[in-house]
Structure formats: C-alpha cells, structure tokens
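Side chains are part of it too, since the values below use all heavy atoms of this structure and drop only hydrogens, waters and symmetry mates. These numbers come from a predicted model, not from an experiment.
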Amino acid sequence: MKIAVLGTGGVGATIGSKLVELGHQVKMGSRSATHEKGLAWTKAAGPNASLGTFEDAASFGELAFNCTSGLGSVSALEAAVAGLSGKVVIDVANPLDFSKGFPPTLFTGNTDSLGEQAQRALPNSKVVKALNHVTASLMTDAKRVAGGDHDALICGNDAGAKAEVTKILKEWFGWQSVIDLGDIGQARGTESYLALWVRLYGALGTADFNLKIMR
Ligand SMILES: NC(=O)c1ccc[n+]([C@@H]2O[C@H](COP(=O)([O-])OP(=O)(O)OC[C@H]3O[C@@H](n4cnc5c(N)ncnc54)[C@H](OP(=O)(O)O)[C@@H]3O)[C@@H](O)[C@H]2O)c1
C-alpha cells in the first residue's frame, strides 16, 4: 500500500520504518518537505521511503497515521484535509501539555479529546484512535511485552474503518487482542489514561508495559 505517516518524530519514524519493512511505500509528512530529521529517516529507510509536506503525504497515502505532536495535530491535519478525504486516519497522538514540566497535563480536559478534534478537523475522513496508550516501539511490535498477551484499545465512528485497523494491528504489528470501545468520543478514555501511563512510567522505570483487561 501507499501510506502517509504524518510526523517526523520518534513515533513517525518507528511506524514508518515498520511499514517500509513490511513492503509498503511510505511518505512521511512534515511542515517542511526538507525537514532534517525527515530526510535522515528517508535515507535510513530506503527507496520506499519519501518525505513531503503534510499535504503531499496525505495525497500520496491510501491510509494515514497521525503521529504529530498533540498541540500541533489539528493544524497538521487541517493542512492535510483535502488529501485525507475518504481515507482511514489512524490517530496515535496524545493531547499532552508539557509547558509546566513533568508530568504533563491533558490540554483537552475531560469533555473533549484529541481524537474528536481530529475527526472534526477531518469531517470526510474516518478517524480511528489507536496505539496512543503504548510506547512507540510497542505500537508496531506488540510481542515485545508478555509475548503480546495484552490489549489494544481502539475507537472511531466508522465500523469498516475499525475493522481495517484491527486487521492492521493484528496482521502487521502483532497484536492479539483489540478491544473496540465505540465511537470516537471514547478517545476521552484512552487519552485520559495517559495521566496514569506517565505515573506508571515513573514508578516502573520503563515504557515497556501495557494494559491487559481481566474479566
Ligand atoms: N513517544 C511515544 O512513545 C508515544 C507513544 C504514544 C503516543 N505518542 C504520541 O505520538 C505523537 C508523536 O510523538 P513524537 O514524540 O514522535 O513526536 P512529536 O515531537 O510529539 O511531534 C513531532 C511532529 O509534530 C509536528 N508538529 C509539532 N508542532 C506542530 C505544529 N504547531 N503544527 C503542525 N505540526 C506540528 C512536527 O512537525 P515538523 O515535522 O514540521 O517538525 C513533527 O512532525 C504525539 O502526539 C505523542 O503524544 C507518543
């Protein structure tokens, strides 16, 4: 597939590299088509990797990942809105505000979410919130923790898009269990979990952990 990865940070590079490794063509998106980190990533990832603006990447991809900073996500998605029309957008971003240091706060409060803001910014796209509750290296390689015996939480308004994302998580990234929480409003739950995630990170001294829901 041709896939857009919006974001030149560690998450974009991790997801982009995994997708290239799986044989896909990936265009990373940035505010600048000559972004230094983006160019370094394309060089390392090989001929199936390229860099462009958010708009270029969105038009290129049949599918997109939003891996931009929480505070920059809406403006990045607004720049990409035309190219993302009709497409599935996997939103892994978190609404974290580090302006007062660590631990960060959630700038969306608990009556909105970045997932909902992304869907409002992309009214003709199918936004599915996924993978935002795990560290980047676990997103694309679930087996790194407990042999993969833990849960991915997703939500979104379009059932077909969620089925596609579930298949991607399982077949490409090694997830064994994907729990569908419902519509995109449920991102308020998976994003609020970051308040606990950062504290677990502090207490455990590692980012290699995730939730397993026991019934
Ligand atoms: N790090 C993790 O393990 C992890 C785990 C789960 C979720 N997440 C979430 O994944 C996302 C990406 O994290 P990251 O650490 O890889 O990268 P990041 O540093 O949070 O974000 C980098 C990207 O955000 C874009 N950006 C920043 N400000 C912007 C603005 N004002 N307007 C438009 N775009 C802007 C940058 O654009 P340029 O390319 O132009 O610089 C760059 O592409 C974040 O939302 C984070 O919360 C991270």
Side-chain angles (χ1 to χ4, degrees), residues 1-30 33 35 37-68 73 76-77 80 83-84 86-94 118 122 125-156 158-180 190 207-208 210:
M1 279 180 91
K2 290 183 171 176
I3 303 176
V5 171
L6 308 179
T8 52
V11 177
T14 301
I15 291 177
S17 297
K18 178 66 179 184
L19 295 172
V20 168
E21 191 188 307
L22 291 168
H24 301 290
Q25 291 176 53
V26 176
K27 191 178 279 293
M28 185 177 262
S30 169
H35 191 282
K37 271 165 73 180
L39 286 175
W41 173 78
T42 59
K43 202 172 163 198
N48 278 338
S50 59
L51 178 71
T53 61
F54 289 129
E55 205 175 348
D56 296 334
S59 304
F60 172 88
E62 300 159 65
L63 163 79
F65 285 81
N66 174 34
C67 311
T68 57
S73 282
L77 295 175
L84 294 176
K87 298 175 185 172
V88 173
V89 178
I90 303 176
D91 176 28
V92 311
N94 278 312
L122 303 173
S125 305
K126 299 160 202 165
V127 175
V128 178
K129 192 91 206 176
L131 299 173
N132 66 302
H133 57 92
V134 292
T135 195
S137 53
L138 200 49
M139 290 180 182
T140 58
D141 186 9
K143 290 187 177 61
R144 284 184 56 248
V145 165
D149 185 19
H150 49 94
D151 299 299
L153 307 176
I154 67 166
C155 60
D158 188 279
K162 288 190 285 191
E164 191 176 331
V165 173
T166 298
K167 201 166 179 301
I168 287 170
L169 297 191
K170 290 188 171 181
E171 294 181 6
W172 297 1
F173 297 163
W175 287 85
Q176 294 165 17
S177 163
V178 178
I179 299 177
D180 176 1
T190 62
D208 285 341
N210 185 29

- Where N48 and G23 come nearest, the two heavy atoms and their spacing: ND2-O, 4.4 Å
- Message: Quick one: does any side-chain atom of K167 pair with a main-chain N or O of W172 as donor and acceptor, under 3.5 Å?
- Response: no
- Query: Quick one: OG on S59 to CZ on F54, what's the gap to the nearest 0.5 Å?
  - Reply: 13.5 Å
- Task: Taking K87 for its side chain and G61 for its backbone only, find out whether a donor-acceptor pair lies under 3.5 Å.
- Result: yes
- Item | Test side-chain contact (heavy atoms from CB on, under 4.5 Å) applied to E21 and T140, step by step | CA-CA 11 Å; E21 191 188 307; T140 58; over 6 Å; no
- Say whether S73 and N66, considering side chains only, have a donor N or O and an acceptor N or O under 3.5 Å apart. yes
- Please check if the side chain of Q25 supplies one atom and the backbone of F60 the other of a donor-acceptor pair under 3.5 Å. no
- Message: Would you compute the distance between atom CD1 of I168 and atom CE of M1 and round it to the nearest 0.5 angstrom?
- Response: 6.0 Å
- Atom CD1 of I90 and atom CD1 of I3: how far apart are they, to the nearest 0.5 Å? 8.0 Å
- Item | Donor + acceptor pair across side chains of T42, S50 (<3.5 Å) | no
- Task: Using the test ring-ring contact (aromatic ring centres under 6.0 Å, His included), find all partners of W175 that sit at least two apart in sequence or belong to another chain.
- Result: H150
- Item | Donor-acceptor pair, side chain of N94 and main chain of N132, under 3.5 angstrom | yes
- Check the pair K18, D141 against salt bridge (Lys or Arg N to Asp or Glu O under 4.0 Å), reporting the backbone distance first and the verdict last. CA-CA 9 Å; K18 178 66 179 184; D141 186 9; 6.0 Å; no
- Closest approach of V89 to L122 (non-hydrogen atoms, all atoms of both residues): CG2-CD1, 4.0 Å
